[in-house]
Amino acid sequence: MDTHKVGSDTTVIADSLEIPGMGHIPVNAYVLTSREPVVVDTGLSVSDRDFVAALREVIDPADVRWIWLTHPDRDHTGGIFDLLIAAPEARVVTTFLGAGIMTTERPLPMDRVYFLNPGQSLDVGDRMLRAFRPPLFDSPATVGFYDDRTRICFSSDCFGGPMPSAELAESGHANDLKPEELRGAQLIWATLDSPWVHVVDPAKYRATIQPLRSLNPEIVLCTHLPPAVRMTSQMIDTISMAPDADPFVGPDQAALEAMLKSFEPGSTPAAAT
């Protein structure tokens, strides 16, 4: 895990996972040091990660007042219960559905929950965080937000893309890739993570992108992409192409067996498909 500043008062807690045959997908959480500090997502749900320890490099968890879960998938909620202990004054920003999904594994303490829907705003003392549903999402509980003080958009899964290395995934910037490389990575992710984009009315889908284009955030912070600075127009153009991109088709059983065989001693690594 790597921590580094982006913008004047926002820090990335960066992690990644390798996806065989595709690259390394970033898995970011963020800390917004507003008057009432906000943690955005809480990392991976894997046993060798210690999200609270990483957070302590940025802020004393006891100072955290809000934990914004952009949605309740396990790559966003890994440290949530440890953080609730370490941050006794913090409340979890989620939706009715988000809290309900969490109860299928371990319920959130409801007196610590704050329901916020797209179109509403959260006052964190020195700015308003304006909640919205990103154009691309893999969970109906997804809620991102726009920080109207810093012009940073927190987009959850929208705009993600696999990176060619763990170093780039965790320590790089989106513009480290050539425009055509980034476009390809983002379209792969869009069609993998939001396959519904191929069956909806393209015009209606593209209409959901327009409010974000109008905001024109200076920085986009995605869970699954390195920070993107002054790249909003380019990335919006890319996700506008998603309905027309080739659908993602994952490896089948034969590919899995070939992959497993390549791990055997003395074998030749299987080619990525």
Side-chain angles (χ1 to χ4, degrees), residues 1-7 9-33 37-61 64 66-87 90 92-94 98 102 105 134 136-139 142 144-145 152-177 182 185-186 188-190 192-193 219-229:
M1 299 174 74
D2 181 71
T3 60
H4 51 277
K5 290 287 291 285
V6 57
D9 55 13
T10 304
T11 301
V12 185
I13 301 177
D15 202 351
S16 67
L17 283 176
E18 184 174 7
I19 303 177
M22 292 184 64
H24 298 259
I25 191 70
V27 184
N28 300 321
Y30 299 96
V31 182
L32 177 60
T33 50
V38 184
V39 173
V40 185
D41 291 333
T42 62
L44 288 163
S45 300
V46 291
S47 60
D48 64 346
R49 303 308 203 270
D50 189 336
F51 180 78
V52 173
L55 179 64
R56 284 198 175 98
E57 297 180 14
V58 181
I59 190 174
D60 183 344
V64 173
W66 302 98
I67 304 166
W68 189 302
L69 291 183
T70 64
H71 62 286
D73 285 358
R74 291 177 64 87
D75 54 337
H76 298 252
T77 63
I80 182 65
F81 293 104
D82 288 340
L83 182 53
L84 282 170
I85 295 170
V92 180
V93 181
T94 186
M102 291 289 291
E105 180 181 8
L136 290 171
F137 53 88
D138 68 354
S139 167
T142 300
F145 68 89
I152 293 178
C153 169
F154 295 78
S155 68
S156 193
D157 285 9
C158 185
F159 299 113
M163 297 291 106
S165 69
E167 181 181 15
L168 180 55
E170 297 183 27
S171 304
H173 291 81
N175 63 8
D176 291 337
L177 293 182
L182 179 61
Q186 290 183 311
I188 287 173
W189 180 254
L192 183 159
D193 197 52
I219 299 174
V220 173
L221 298 181
C222 171
T223 306
H224 300 306
L225 188 77
V229 181

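Only heavy atoms go into these numbers, but all of them, side chains included; no hydrogens, no water, no symmetry mates.
Between Asn28 and Leu221, the closest side-chain pair of non-hydrogen atoms is not below 4.5 Å. Between Met163 and Leu177 the shortest side-chain heavy-atom distance falls below 4.5 Å. Between Leu55 and Val31 the shortest side-chain heavy-atom distance falls below 4.5 Å. The shortest distance between side-chain heavy atoms of Thr142 and Pro134 falls below 4.5 Å. In this structure the side chain of Phe154 never reaches within 4.5 angstrom of the side chain of Val38, judged on heavy atoms. Put simply, the side chain of Ile67 does not reach to within 4.5 Å of the side chain of Val93, judged on heavy atoms. Between Leu32 and Trp68 there is no side-chain heavy-atom pair separated by less than 4.5 Å. Contact check for Met22 versus Trp189: no side-chain heavy atoms found under the 4.5 Å cut-off.
In terms of heavy-atom proximity, Gly43 sits nearest to Ala29 at N-CB, 4.3 Å. Nearest heavy atoms, Ala87 versus Val64: CB-CB, 4.1 Å. Contact detail for Leu225 and Gly161: the closest heavy-atom pair is CD1-N, 4.1 Å. Of all heavy-atom pairs spanning Val220 and Ser155, the tightest one is CG1-OG, 3.8 Å. Shortest non-hydrogen contact noted between Leu168 and Pro226 is O-CG, 3.5 Å. Between Leu83 and Pro61 the shortest heavy-atom distance is CD1-CB, 4.2 Å.
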Would you sort out whether His76 and Thr70 count as a side chain to side chain donor-acceptor pair (under 3.5 Å), showing the intermediate values?
-> CA-CA 7 Å; His76 298 252; Thr70 64; 3.2 Å; yes
In sequence, state the C-alpha distance, the side-chain angles, and the governing distance for His224 and Asp75, and then conclude on side chain to side chain donor-acceptor pair (under 3.5 Å).
-> CA-CA 10 Å; His224 300 306; Asp75 54 337; 3.1 Å; yes
Between His71 and Asp73, is a side chain to side chain donor-acceptor pair (under 3.5 Å) present by the stated rule, with each step listed?
-> CA-CA 6 Å; His71 62 286; Asp73 285 358; 3.2 Å; yes
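In this structure, Asp138 CG and Asp193 CG are separated by 4.0 Å, a value rounded to the nearest 0.5 Å. The CG atom of Leu17 sits 9.0 Å away from the CD1 atom of Ile25 when rounded to the nearest 0.5 Å. With rounding to the nearest 0.5 angstrom, the OG1 atom of Thr77 is 11.0 Å from the CZ atom of Phe51. Note that CG of Leu69 and CD1 of Ile80 are 4.5 Å apart. Values are rounded to the nearest 0.5 Å. Atom OH of Tyr30 sits about 11.0 Å away from atom OG1 of Thr11, to the nearest 0.5 Å.
In this structure, the salt bridge (Lys or Arg N to Asp or Glu O under 4.0 Å) partners of Asp15, at least two apart in sequence or on a different chain, are Arg49.
None of Glu170, His24, Glu167 except one satisfies the side-chain hydrogen bond (donor to acceptor under 3.5 Å, both in side chains) rule with Ser16; the exception is Glu170. Screening Val52, Ile59, Asp60 for a side-chain contact (heavy atoms from CB on, under 4.5 Å) involving Arg56 leaves a single residue, Val52.
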